[in-house]
Amino acid sequence: MSNANTSEHVQGTGASSPPVPPEPRDFFPSLRPFWNTVGIWFWEVVKAFNKENRARLLQFVTGTSKIPLEGFKALQGISGPQRFQIHKAYGAPCGLLPIHKALQNFGCVWGRLIRAGSVVLKDVPARSTVIGILLCNVHIFLDLCRSQANQSPSHYQVFFFFPFYSMASSSNSSAPEIKVSTSTSSIPKRFKYDVFLSFRGEDTRKNFVDHLYHALKDKGIYTYKDDEKIQKGKRISDDLFKSIEDSKFYIIVFSKNYASSSWCLEELVKIMECHKMDEHTAYPVFYDVEPTEVRKQCGDVGKWGEVLKEASHLAGWELKNTLDGHQARFIKKIVKEISLELRSINSGFDEKLVGMEARVRDVISSLELGIDKVRMIGIKGMGGAGKTTTARAVFDHLCDGFEAKSFVGNVREVSKASMFGLKNLQEQVLSNVLNEHITLNSVDDGKYMMKRRMVGKKVLLVLDDVDHIDQLEALAGGPNWLNPESRIIITTRDEQVLVAHKVNLIRDINLLSYKEAICLFSRYAFGKENPVQGYEELSGKFVRYAAGLPLTVKVLGSFLCGKDKLEWADAIDRLKRIPLKDTLEKLELSYISLEDDYKEIFLDIACILIGQTKEDAIRILESCGFYARNGLKVLDQRSLITISKGGRLGMHDHIEEMGKNIVRHLHPDEPDKHSRLWINEEIEDILANDMGTEATRCLKVDMSRGNPRILMKGLGKMKKLRYLEVYFADSDFGYEREFDNTKLDKYTQYFPNSLKYLKCTNYPFLYLPKTFQANNLVELDMYISRMVQLWKKGEKKVLKKLRFLSLCNSNLTTFDFMITPNLESLFLNNSYELDELCMPVSCQKLKHLSISFSKLRTFDLGLTPNLETIYLEGSFDLVELFMPVSCQQLKHLYIRSKLRTFDLGLTPNLETLYLEGSFDLVELFMPVSCQKLKHLYISCSKLRIFDLGLTPNIERLTLDNCDDFEELHVSAACPNLKFLKLSNSRLRSLDLELIPNLESLDLAECNELVDINAPVGCLKKVGYLNLGGCLRFPRFKVSRSSVTLNLVGKSLDLCPLHPKSNLPKWQFCGSYKEYLPSSVGNIEKLISFGLCACTNLKKFSDIICSLQCLQKLTLRCNIPEFPKDLVKLECLEELYLSSTKIKHLPDSICMLKRLKSLEVNDGDLLEKLPEDLGQLECLEKLYVSSKKIEYLPDSICILKRLKRLYVTKCCCLWKMPEDIGQLESLEMLVFSATKIKHLPDSICMLKHLNYLDLSHCALLEKLPEDLGRLECLEHLFIPYTDLSHLPQSIFGLKGLCIYARPELLELLKMVKRLLGLWGLILTRIAGAVFTAVKVHVQSLHGNVKTTV
């Protein structure tokens, strides 16, 4: 038995006979008598029905009159069997639908299910009759097992299923055969002809029909015309009638003599027969006659009169009344409308084009077909990604909507095949568009003719596989060549071609998702959409190898089709070593077209640099002598590389594989002759056996497993090596102790002098090899090393070409800039032993300097005019830093040191200043003007005063944990300052007047803050405000939502900042929410009230009442009175008030016209509610809690919109309002009043009441006798009342849950006995109604919950 929310799909099988469904009696044994008796009787009655009664029954059961009585045969049109699905119906877990409703709901969707389903019912004998189609899902609570198994009540789902019955007069009629369709949609019939022309030859054959026929033919509409198509030797009638059946549309050309030809009329009879079928449509054309004239001829043609009349009433075209009778325009209109009809029919896609519909839709949206302006779009992507397939699908989908069209494939290949290639392509375009054979003398002639003759036509042009701007200039020179409604689609691997031609939009082709790839692969490998059983895992491996490339998916699927598992496993193993040839050949076309230096860049990335950041790759490639920035751009435009959002280089797996294959293919078994080496096993073998050659240009190796000295020795023969990246064993394992520097002899050439880039990780030696001259070295990166100096003591080799040097995590003690005169970047991070830097007088080219965790105490930067970044993190010994007098290029400065004072000097271009953890900093001298400063961060300093000076572009200012900080001076406007953090300071006042665009203000733990000057509007963009720790607001949060103020107040005895003040002392925790943007100034009013605890309650009330647009207000504090002028809060919708000291509510509450919710809680002293509370015409919720209220104002009974009324803890309240029944919208009533004895009879008038809680009405003696009139009542709570009986009328309320004292248990048992049966099912077939009555009694925490 399935759960209530389970969905089942009833499918047919491929068997010759249908599966026999289980009967309901098998599901539920207790229903067997019911089923046997009523079921047999029902079908006997149905057998006796005449045709009319059967039709009525079928319409009643299905909810539609469209189901044929003739049986499933009637569902089979000219397109073959129709399809439909059967689904289980859904129902709520409680309550029953009448059966006719359930079946009517099912029947309403029957017609749609027939068209969209996937079960095909084949023909059944003609005389068979479908009697019933019933499918209903009914949920019933039954307790049938309780008496037998002593179990608690269970939730059963009973599934009634009446199978398809066929009753025939013949005893040997068989049940319909059910087949499973492989498609989820019906497949339209394919016709031999699109259009059949019916006409009177002597009237129109050589004029109108001839022009119409050729216009249809030119549009690509396959048209039948009798003098063109009838084969010699055939009987005309047989051939003609077969052609009529094989045509989709019929155009009947009525002329003056049409009805005089018996042949035309016989043809018309056949046409009208087919027209009545779903797949055919006939259109009359009234050529030189009017429809009324045709109808007048009906009496003259005998037996054909009726069909002639019927045809004349069809919707069609009348020449006389269309386009002023212009035949050419009239024919054009007919052809256009037929084209549109065919387009809607043929709009599907080849079933093997997986995911094509969404891709085509995206491209079509980019074409903006509704705009009257020529639009060119480009589709770019790697080879084999589906650019051509997508463009072709778009072309086929749209071409009928254009006057002329041309799909030009293989532009790159054809244009380069001969010197006349481009001219031939121009001839192809012109011939297609002009529909005539065109011959050109030259490309220039072609451009001229295209510009002159195509401008008048609405053209759809696709140029596939373009790779040069010349091709576009010759074939689609500009928008002025074409009609404004024309569209051009260009596919290419090279984005730059599209950019240069200034196309309107460039789209990247999307590769297949895994799900799409599995589907496409399965279609080629298995002929179905999913892998066959047992091949799922293997299929996944091949699809993952393809990595979304459609070409590879199709090639692999086709190759593996029909092969067994062993052959599949062999194929996947082969792919690991030998790439797929078809894919590589397609991809290599992009590589072949590259210039030589770009080819080298591509191979470097594919073999070595993949995964590097773009900037690192540019620096490395430039070190090796390449123009890398343009090179990466070209590769990206040709889809040979990708650049992620994080800026890292990537490649499609097959492109990477292609690049590596290019390196290997000339000498596949001789890796020592490869230009690039990256496979560790091959490299170790070459180095260990001293097999290095000059062929190697780049090498990347992990030497962690071998002897570094021996392996390094093998590098010496690689005389032209320019890139070397080596990973030595981690020094934590102690391997370097075996190979100390003494084993690097003075004569062996360990590192080739040709090196331009050298990177070593875990370098185990103290110095660079003596034989390494490094005179070509541009970048040296030694990350984690034992090095104490670059060269052994006594040696000084000047590295003239070295521009980038990184010696991070080394044992370096000193560094001399004299040996690197052209150095641009120096990184000495984590140089724990570094205590000296030897700077020359001038270091002109130094741009980036990063030193962290060193022992430097003083540092003089000297003359470094081009310095852009200084990073001195963790320099805890640094007490003196001498900046250059002028540092014009400095942009970023990060310092964490023991500096006491710091003078920035002339740094006009400074953008970022971080002085984090500057515990000793007392003075900071900013430049007079720092126009470009955006981010300033100072933490843990001893600054007392800080002047921002002229910093108009500052965006973030943080002075965090500066315990001595007292004053912030903002002397000039800071319009761009959005984030201000001054937390944990001694700030006493803050002026925000010149900071108008703040979005975040953090003043947490500013315990001495008293005053904020915030003019209205200056905080209009604030989305975050933290005042936590201030005396006024220990916790206060601002966020964005509907305008809401929540304040929870606490009284204090003393204000630490003003101990002598006589004002009341209050703290508030809360939140304020407001939509962004806002200029009402509410935030400014709240914080400008003052931030110490001293509170002028009148001023406080005035501020609350001045908050504009406030929608929700919560005040929870024991103040003696609430704000009196609440009427000013015109937008207030929700008001929550809580105070134990309040005696009266302000009368102004009654004037809040928009108030929907009013809650008054903890009103221990509250004596009454305002008498005019009934004026709150929008009030939907009223909550009152007070120990002293004796009555509710009668005016609340006129609150027509009140839905929820809560009156709790009102121990003095002795009655309900007599007219409470006038609350016509009331749905929930909670009344807790210990003195109430009776309820007013009018309560029975609350027709929408579904929840009544009288739990704590301890003296309540009885309920109104007519309480059963509350038809919507579902929950009644009476556990702690003095009730001794219940009114009999409530037992007529279905589904009512009563919560009562245990004493009422006997009463409820009596109800059970009166109702008679547990889980009674009453079935009345005549009315087709199912009724269930359920009674459920359960002891629950001493109370009884009763469901009737």
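What you see below is based on every heavy atom in this structure, not just the backbone, and it leaves out hydrogens, waters and symmetry mates. The structure displayed is predicted, hence computed values, not measured ones.
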Salt-bridged, R359 to E516, with N to O below 4.0 Å?
yes

Check this for me: does any side-chain nitrogen of one of K673 and E670 sit under 4.0 Å from a carboxylate oxygen of the other?
yes

To the nearest 0.5 angstrom, please state how far the OG atom of S806 sits from the CG atom of L828.
8.0 Å

Nearest heavy-atom contact between M691 and D672 is O-CB, 3.6 Å

Tell me the ring-ring contact (aromatic ring centres under 6.0 Å, His included) pairs involving residues 618-648, sequence neighbours left out?
none

Indicate yes or no: at least one non-hydrogen side-chain atom of V411 is less than 4.5 angstrom from one of V414.
no

When every non-hydrogen atom of M787 is compared with those of S810, the smallest separation belongs to O-CB, 3.9 Å

Ignoring hydrogens and geometry, is there a side-chain-to-backbone donor-acceptor pair from S825 to F804 under 3.5 Å?
no

If you count every heavy atom of other residues, nucleotides or ligands that lies below 6.0 Å from Y783 atom OH, does the total exceed 12?
no

Quick one: does any side-chain atom of S704 pair with a main-chain N or O of F728 as donor and acceptor, under 3.5 Å?
no

side-chain hydrogen bond (donor to acceptor under 3.5 Å, both in side chains) between S754 and N776, intermediate numbers included:
CA-CA 6 Å; S754 57; N776 289 302; over 6 Å; no

Give a yes or no on whether the backbone of D702 and the side-chain of N680 come within a donor-acceptor separation of less than 3.5 Å.
yes

Between H652 and L511, does a side chain to side chain contact (heavy atoms under 4.5 Å, CB included) hold up when you go through it step by step?
CA-CA 10 Å; H652 189 276; L511 298 181; 3.4 Å; yes

Side chain to side chain contact (heavy atoms under 4.5 Å, CB included), that's the test. Do L790 and L807 meet it? Break it down for me.
CA-CA 9 Å; L790 281 178; L807 298 172; 4.2 Å; yes

Greater than 12 external heavy atoms within 6.0 Å of F559's CZ:
no

Any idea which heavy atoms bring R544 and E537 closest together, and the distance?
NH2-O, 4.3 Å

Nearest 0.5 Å, what's the CG-CE distance between L549 and M382?
4.5 Å

Distance from L799 atom CG to L802 atom CG, nearest 0.5 Å?
5.5 Å

Does S558 reach the main-chain N or O of Y524 with its side chain, forming a donor-acceptor pair under 3.5 Å?
no

Okay, side chain of W568, backbone of K563: is any donor-acceptor separation there less than 3.5 Å?
yes

Output, in order, the C-alpha distance, side-chain angles, deciding distance and verdict of side chain to side chain contact (heavy atoms under 4.5 Å, CB included) for I490 and I377.
CA-CA 6 Å; I490 304 160; I377 71 164; over 6 Å; no

Under 6.0 Å from the NZ atom of K770, do we count more than 12 heavy atoms belonging to anything else shown?
no

Going from CG on L632 to CD1 on I643, what distance comes out if it is rounded to the nearest 0.5 angstrom?
6.0 Å

Taking the ring centre of each residue, are Y763 and F765 less than 6.0 Å apart?
yes

What verdict does the side-chain hydrogen bond (donor to acceptor under 3.5 Å, both in side chains) test give for S593 and R412, after you've listed the backbone C-alpha separation in whole Å, the side-chain angles of each residue and the deciding distance to 0.1 Å?
CA-CA 11 Å; S593 64; R412 172 187 52 80; over 6 Å; no

Please tell me whether R507 and S366 have a donor and an acceptor in their side chains that are separated by less than 3.5 angstrom.
yes

What one should report as the nearest heavy-atom pair of A617 and L649 is CB-CD1, 3.5 Å

Measuring centre to centre across the rings, with the benzene-like ring taken for any Trp, is Y723 within less than 6.0 Å of W678?
no

W791 and L768, any side-chain heavy atoms less than 4.5 Å apart
yes

Applying side-chain hydrogen bond (donor to acceptor under 3.5 Å, both in side chains) to N866 and K847, what does each step give before you reach the verdict?
CA-CA 6 Å; N866 292 303; K847 294 181 180 179; over 6 Å; no

Compute the ring centroids of F602 and Y591, then answer whether they are less than 6.0 Å apart.
yes

Give, for atom CD1 of I655 and atom OG1 of T583, the distance between the pair rounded to the nearest 0.5 Å.
11.0 Å

Pick out which of K756, R619, K801 makes a side chain to side chain contact (heavy atoms under 4.5 Å, CB included) with E779.
R619

For F751 and L758, what are the C-alpha separation, side-chain angles and deciding distance, and is it a side chain to side chain contact (heavy atoms under 4.5 Å, CB included)?
CA-CA 9 Å; F751 290 144; L758 173 59; 4.0 Å; yes

Side chain of D464, backbone of V408: donor and acceptor closer than 3.5 Å?
no

Measuring only between side-chain heavy atoms, which start at C-beta, is T491 closer than 4.5 Å to V466?
no

Check K541 with E536, please: is the shortest side-chain N to carboxylate O separation under 4.0 Å?
no

D570 side chain near E567 side chain, heavy-atom distance below 4.5 Å
no

Report, as yes or no, whether the 6.0 Å neighbourhood of atom NZ on K614 holds more than 12 heavy atoms from other residues, nucleotides or ligands.
no

Work out which heavy atom in V663 is nearest to a heavy atom in C607; give both atom names and the distance.
CG2-SG, 3.7 Å

Ignoring hydrogens and angles, state whether a donor on the side chain of R493 or S590 is under 3.5 Å from an acceptor on the partner side chain.
yes

Quick one: SG on C561 to CZ on F521, what's the gap to the nearest 0.5 Å?
9.5 Å

Please report the closest heavy-atom contact between M651 and L640, naming both atoms and the distance.
CG-O, 3.4 Å

Could you tell me whether R803 and E824 have a side-chain N and a carboxylate O separated by less than 4.0 Å?
yes

If you apply the rule side-chain hydrogen bond (donor to acceptor under 3.5 Å, both in side chains), what do you find for E529 with S522, and how did you get there?
CA-CA 5 Å; E529 293 193 2; S522 299; over 6 Å; no

Quick one: do D604 and R722 make a salt bridge, cutoff under 4.0 Å?
yes

Answer yes or no: is there a side-chain heavy-atom contact under 4.5 Å between E588 and I662?
yes

Within a reach of under 6.0 Å around NZ of K380, are more than 12 heavy atoms found that belong to other residues, nucleotides or ligands?
yes

Would you say the side-chain atoms of R697 pair up with the backbone N or O of L721, donor to acceptor, closer than 3.5 Å?
no

Is the side chain of H501 donor-acceptor paired with the backbone N or O of L498 at a distance under 3.5 Å, no angle test?
no

Is a donor on one side and an acceptor on the other found under 3.5 Å between the side chain of H667 and the backbone of D669?
no

So with a 6.0 Å cut-off around NZ of K800, is the heavy-atom count from everything else above 12?
no

With ring centroids as reference points, do H654 and Y545 lie under 6.0 angstrom apart?
yes

Is there a donor in the side chain of Y757 and an acceptor in the side chain of E622, or the other way round, less than 3.5 Å apart?
no

Does K713 reach the main-chain N or O of L687 with its side chain, forming a donor-acceptor pair under 3.5 Å?
no

